[in-house]
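These notes concern the structure reproduced below.
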Amino acid sequence: MTEDAVVDEPDQELLTIGAFAARARLSAKALRLYDRLGLLAPAHVDEATGYRYYRAGQVERARLVAMLRQLDMPLARIAEVVAAGDGPTAAALLGAYWADVEARVAGQRTLAEYLRGRLSGRSSEMYRKFAIETVDVPAQVVITETRHVLAGELPAWIGASLGRLESAARECGGVTAAPFVVYHSEVSMESDGPAESCVPVADEAAARAWAERHGRTWGTKVAVHPAQRLAYTRITKAQVAHPQIMAAFEAVEEWIAREGLEQAGPCREVYFADWEATGAQDPVCDVAFPVS
């Protein structure tokens, strides 16, 4: 008997890998790969010959796996979809994956447009879209949380860390100014900073007592920032996304150099609006550099 023969059992038909591949409109090589990856196991493997046999009812699952792979879906997520079976759960898993794909592609499209502008020498044209101003900030007592974090993890960490610090501020005399995030080194897909979330508070003694109790848990501390002048540009919620925000930082840097000023510290993002309550075109953040 060859592996392409059809085997009949009293209760159900078993198909050899060749016959099953023809029904599923897939190759035997693909089916062996799906088996090896744990996505579609044969219904029976002959111990003596090693031949694989499949049930006719596995055809739809085989086709589903093949189509999901055409979407470049990671194997772990394919396994989740096929395990969910037909129905709203599987559809929701696919929808969540495709939303992630569209978000990633949108970000890549924006990055490509940004890079085309830079490579074509239109950087100055892009920078002129940003209005640069200066503001004098008084000395501040801040409670902080520092983390090494990559760009993909940054939005979630910023939201969580500022939430923790703003909650803690109630024990430190309350929040006195807009929270901000300081970047001590580059944060990208390859570089992990570190970044430091900061919330200005009213009571330094209470803040230091709070840090003594909680510092080890979240890597928190208290700092006193001296009075300083910031050069900044205000951006919308949509512009906070990467890489739009890169153009904002570069626009401020170019303005500082053009004005004959010097950067006096690491760059920062100052979040002065309620993120959840704002729309894409609402101003939410100042991109700033201390200057002297």
Side-chain angles (χ1 to χ4, degrees), residues 110-111 114-115 117-118 121-151 153-155 157-159 161-162 165-166 175-201 221-273 275 278 282-292:
T110 304
L111 177 58
Y114 167 75
L115 291 174
R118 291 192 61 175
R122 292 188 291 106
S123 295
S124 295
E125 178 183 326
M126 292 190 297
Y127 298 158
R128 282 196 295 271
K129 298 177 181 178
F130 297 95
I132 315 298
E133 300 182 48
T134 61
V135 61
D136 290 317
V137 179
Q140 295 176 319
V141 176
V142 296
I143 52 175
T144 77
E145 179 179 326
T146 302
R147 181 77 56 86
H148 284 275
V149 60
L150 295 172
E153 307 160 332
L154 186 62
W157 176 75
I158 288 176
S161 61
L162 289 181
L165 292 172
E166 288 175 332
V175 177
T176 59
F180 55 95
V181 178
V182 176
Y183 295 97
H184 295 283
S185 187
E186 179 184 4
V187 174
S188 66
M189 298 307 294
E190 292 80 29
S191 178
D192 64 353
E196 183 180 21
S197 289
C198 303
V199 171
V201 296
K221 65 179 184 179
V222 175
V224 179
H225 290 188
Q228 56 192 330
R229 174 166 292 183
L230 299 179
Y232 72 96
T233 186
R234 184 152 292 184
I235 60 176
T236 66
K237 189 174 184 177
Q239 290 173 313
V240 172
H242 182 87
Q244 294 95 314
I245 198 167
M246 293 169 56
F249 277 113
E250 290 173 3
V252 179
E253 288 181 298
E254 184 194 56
W255 183 90
I256 291 171
R258 191 170 66 246
E259 294 294 314
L261 301 174
E262 293 185 1
Q263 295 181 22
C267 60
R268 63 185 62 188
E269 297 165 7
V270 183
Y271 290 95
F272 56 81
W275 184 267
T278 52
D282 293 327
V284 297
C285 174
D286 290 337
V287 168
F289 287 83
V291 294
S292 61

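Remark: Cys267 SG to Leu230 CG distance equals 11.5 Å, nearest 0.5 Å. To the nearest 0.5 Å, atom CD of residue Glu145 and atom OG of residue Ser197 are 6.0 Å apart.
Between Gln239 and Ile245 there is no side-chain heavy-atom pair separated by less than 4.5 Å. Proximity of Tyr232 to Val252: side-chain heavy atoms (C-beta onward) are nowhere separated by under 4.5 Å. When side chains are defined from C-beta on, Glu259 does not count as touching Ile132, because their heavy atoms never get closer than 4.5 Å.
Classification of the Phe180-His225 ring pair by plane angle, with boundaries at 30° and 60°, yields tilted.
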- CA sep, side-chain torsions, deciding dist, call: Val149, Asp192, side chain to side chain contact (heavy atoms under 4.5 Å, CB included): CA-CA 5 Å; Val149 60; Asp192 64 353; 5.7 Å; no
- Step by step, work out the side chain to side chain contact (heavy atoms under 4.5 Å, CB included) result for Arg258 and Trp255. CA-CA 5 Å; Arg258 191 170 66 246; Trp255 183 90; 3.2 Å; yes
- Message: Test side chain to side chain contact (heavy atoms under 4.5 Å, CB included) on Ile158 and Glu269; report intermediate values, then the result.
- Response: CA-CA 10 Å; Ile158 288 176; Glu269 297 165 7; 4.2 Å; yes
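In this structure, Leu165 and Cys198 approach most closely via the heavy-atom pair CD1-N, 4.2 Å. Here the closest non-hydrogen pair linking Pro179 and Pro200 is CA-CD, 4.2 Å. Of all heavy-atom pairs spanning Ala177 and Val175, the tightest one is O-CG1, 3.1 Å. Contact between Pro266 and Val182 at its shortest, heavy atoms only, is CG-CG1, 3.5 Å. Considering every non-hydrogen atom in both Thr146 and Trp157, the closest pair reads C-CZ2, 4.3 Å. Closest approach of Asp136 and Arg229 over heavy atoms only: OD1-NE, 2.8 Å.
At least one donor-acceptor pair closer than 3.5 Å links the side chain of Ser191 to the backbone N or O of Glu186. Side-chain atoms of Glu153 come within 3.5 Å of backbone atoms of Leu150 as a donor-acceptor pair (strictly under, hydrogens ignored). Between the side chain of Glu254 and the backbone N or O of Ala251 there is no donor-acceptor pair closer than 3.5 Å. A distance-only check finds a donor-acceptor pair linking the side chain of Thr233 to the backbone of Ala131 [under 3.5 Å]. Of the possible polar contacts, one joining the Lys237 side chain to the Trp275 backbone as a donor-acceptor pair under 3.5 Å is found.
Between the side chains of Thr144 and Glu196, at least one donor-acceptor pair of N or O atoms lies under 3.5 Å.
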Quiz: residues 282-292 side-chain donor-acceptor pairs under 3.5 angstrom, not counting sequence neighbours:
unit_1: Asp282; atom_1: OD2; unit_2: Gly279; atom_2: N; d: 2.6
unit_1: Asp286; atom_1: OD1; unit_2: Arg234; atom_2: NE; d: 2.7
unit_1: Asp286; atom_1: OD1; unit_2: Arg234; atom_2: NH2; d: 3.4
unit_1: Asp286; atom_1: OD2; unit_2: Arg234; atom_2: NH2; d: 2.9

